[in-house]
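Worksheet for the structure shown next.
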Amino acid sequence: MKKTNVYQKVTDRILAAMEQGIVPWRKPFKSSFSPVPVNFSTGKPYRGINVFLLNLTAWQLGYPKNAWLTFKQAKDLGGHARKGETSETVLFWKSYDVTESDEAEEDAAEKTVFVARAYNVFNIQQCEGIDPDAEQISEVPQLGSASDVYANYPAIKPEVLAGTKAVYIPARDQVRIPPVQDFISPAAYYATLFHELIHSTGHESRLNREGIANANRSDDIRYAQEELVAEMGAAFLCALTGVETPDLTSNSTAYLQSWLEVFKQDKTMIVKSASQAQKAADFLNRALL
């Protein structure tokens, strides 16, 4: 499958859910399964956009376990996917070293490029001949309590100060947020704080992300992508700390419509934003691993 088609397929999957009023990174998955999907065969957690794709499917179809495996992995374990079961698409990136020649200098330089590959996986509940309780021990890293995220912020952390609204100010490297008692719940406070802390990882002294290091409110697409990175990154942190992600608010129709319009303009944004969000969450996670 061509790279553009991979992005298209994933984007179409997310758009279809959003058109039904479901936002994968904001829907509170209250089922008993882990909010971080894992590979049943290896115990490794899925990452990036795969987290939202698999959570969405598990929630929609009511699977009690968030564990997945490929057709081959099921076969290697002595089982198989039941006939007629539909797989879910996940993405992996394969790296290639390529040589670029510079005709003017008659020189050649090597660089590494990453190509998205689509794989099909089945939930363990779709399989036969495998003990669903025999999975490998999960390797999902836990961050501890929600307060640990800022307390253990790597290197120099941004200031977190009281404010009348939640915002990250790159020029001052400050997060401003109302006090916890002004939120409807502690979970809502931490989900909002996580959103702003993800923004802070884009500072030029940290991950140097385009949407923060070169912030420009007049660039609608760049601004929208940075906001999506923060939403997705906050969802990752909520999953790792056991904080329930907030549901849509009363302005959900406007919220959904604004994202639908952006995604239809740029079919690669969802996948790329999820990748950047994972890097941001990893940045905040590394001190606690």
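Quantities reported herein were computed from a predicted structural model and do not represent experimental measurements.
Leu193 and Val180 fall within the same hydrophobic cluster, defined by Ile, Leu, Val, Met, Phe, Trp and Tyr side-chain heavy atoms under 4.5 Å apart, directly or through other members. Hydrophobic clustering (side-chain heavy atoms under 4.5 Å, transitive across Ile, Leu, Val, Met, Phe, Trp, Tyr) keeps Phe40 apart from Val121. Cluster annotation: Tyr153 and Val149 are assigned to the same hydrophobic cluster (Ile/Leu/Val/Met/Phe/Trp/Tyr, side-chain heavy-atom contacts under 4.5 Å, transitive). Hydrophobic clustering, with ILVMFWY side chains joined whenever heavy atoms are under 4.5 angstrom apart, keeps Leu54 apart from Phe122. Cluster annotation: Leu260 and Val10 are assigned to the same hydrophobic cluster (Ile/Leu/Val/Met/Phe/Trp/Tyr, side-chain heavy-atom contacts under 4.5 Å, transitive).
A pairwise comparison of heavy atoms in Ala230 and Ile198 identifies CA-CG2, 3.6 Å as the closest pair. Nearest heavy atom pair, residue Val175 against residue Glu196, reads CG1-CB, 3.7 Å. When all heavy atoms of Val51 and Pro35 are compared, the pair lying nearest together is CG1-O, 4.0 Å. In terms of heavy atoms, Val243 sits closest to Ala187 at CG1-O, 3.6 Å. Across all non-hydrogen atoms, the minimal contact from Pro158 to Leu197 is CG-CD2, 4.3 Å. For Pro24 against Leu56, the heavy-atom pair with the smallest separation is CG-CD2, 4.2 Å.
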Worked check of side-chain contact (heavy atoms from CB on, under 4.5 Å) between Lys267 and Leu15: CA-CA 10 Å; Lys267 298 293 186 181; Leu15 287 177; 4.1 Å; yes
Steps toward side-chain contact (heavy atoms from CB on, under 4.5 Å) verdict (Leu237, Tyr190): CA-CA 9 Å; Leu237 294 178; Tyr190 280 111; over 6 Å; no
His195/Glu231 under side chain to side chain donor-acceptor pair (under 3.5 Å): CA gap, chis, key distance, verdict: CA-CA 6 Å; His195 180 107; Glu231 287 230 355; 4.9 Å; no
Criterion side-chain contact (heavy atoms from CB on, under 4.5 Å) on Met269 and Lys272, from CA distance to verdict: CA-CA 5 Å; Met269 181 181 289; Lys272 290 180 177 178; 6.0 Å; no
Residue pair Ile49, Val90: steps toward the side-chain contact (heavy atoms from CB on, under 4.5 Å) verdict: CA-CA 8 Å; Ile49 194 64; Val90 294; over 6 Å; no
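Taking NE2 from His80 and SG from Cys127, the interatomic distance works out to 8.5 Å, rounded to the nearest 0.5 Å. Note: Asp182 CG to Lys165 NZ = 15.5 Å, rounded to the nearest 0.5 Å. Taken to the nearest 0.5 Å, the OG atom of Ser200 stands 5.0 Å off from the CZ atom of Arg206.
In summary, the side chains of Gln73 and Asn39 do present a donor paired with an acceptor at a separation below 3.5 Å, with no hydrogens or angles considered. A side-chain donor-acceptor contact under 3.5 Å links Tyr168 and Asp173. No side-chain donor from either of Glu204 and Asn208 sits under 3.5 Å from a side-chain acceptor of the other. Counted by atom type alone, His199 and Glu226 present one or more donor-acceptor pairs between their side chains at under 3.5 Å.
Heavy atoms from other residues, nucleotides or ligands lying under 6.0 Å from CZ of Arg82 number more than 12. Within 6.0 Å of the CZ atom in Phe71, the count of heavy atoms belonging to other residues, nucleotides or ligands does not exceed 12. Crowding of Lys157 atom NZ: a count of heavy atoms from other residues, nucleotides or ligands under 6.0 Å exceeding 12.
Gln20 has its side chain within reach of Gln60: a pair of non-hydrogen atoms, C-beta onward, lies under 4.5 Å apart. When side chains are defined from C-beta on, Trp68 does not count as touching Val38, because their heavy atoms never get closer than 4.5 Å. Contact of the Thr201 side chain with the Leu284 side chain is registered, since non-hydrogen atoms from C-beta on lie closer than 4.5 Å. At least one side-chain heavy atom of Lys65 sits under 4.5 Å from a side-chain heavy atom of Asp133. Contact of the Asp282 side chain with the Arg47 side chain is registered, since non-hydrogen atoms from C-beta on lie closer than 4.5 Å. With a 4.5 Å cut-off on side-chain heavy atoms, Val271 and Leu91 count as touching. The shortest distance between side-chain heavy atoms of Tyr189 and Gln181 does not fall below 4.5 Å. Side-chain contact check for Phe263 versus Gln265: every heavy-atom pair is 4.5 Å or farther apart.
Between Arg13 and Glu88 there is a salt bridge, with a side-chain nitrogen of the basic residue lying less than 4.0 Å from a carboxylate oxygen of the acidic one.
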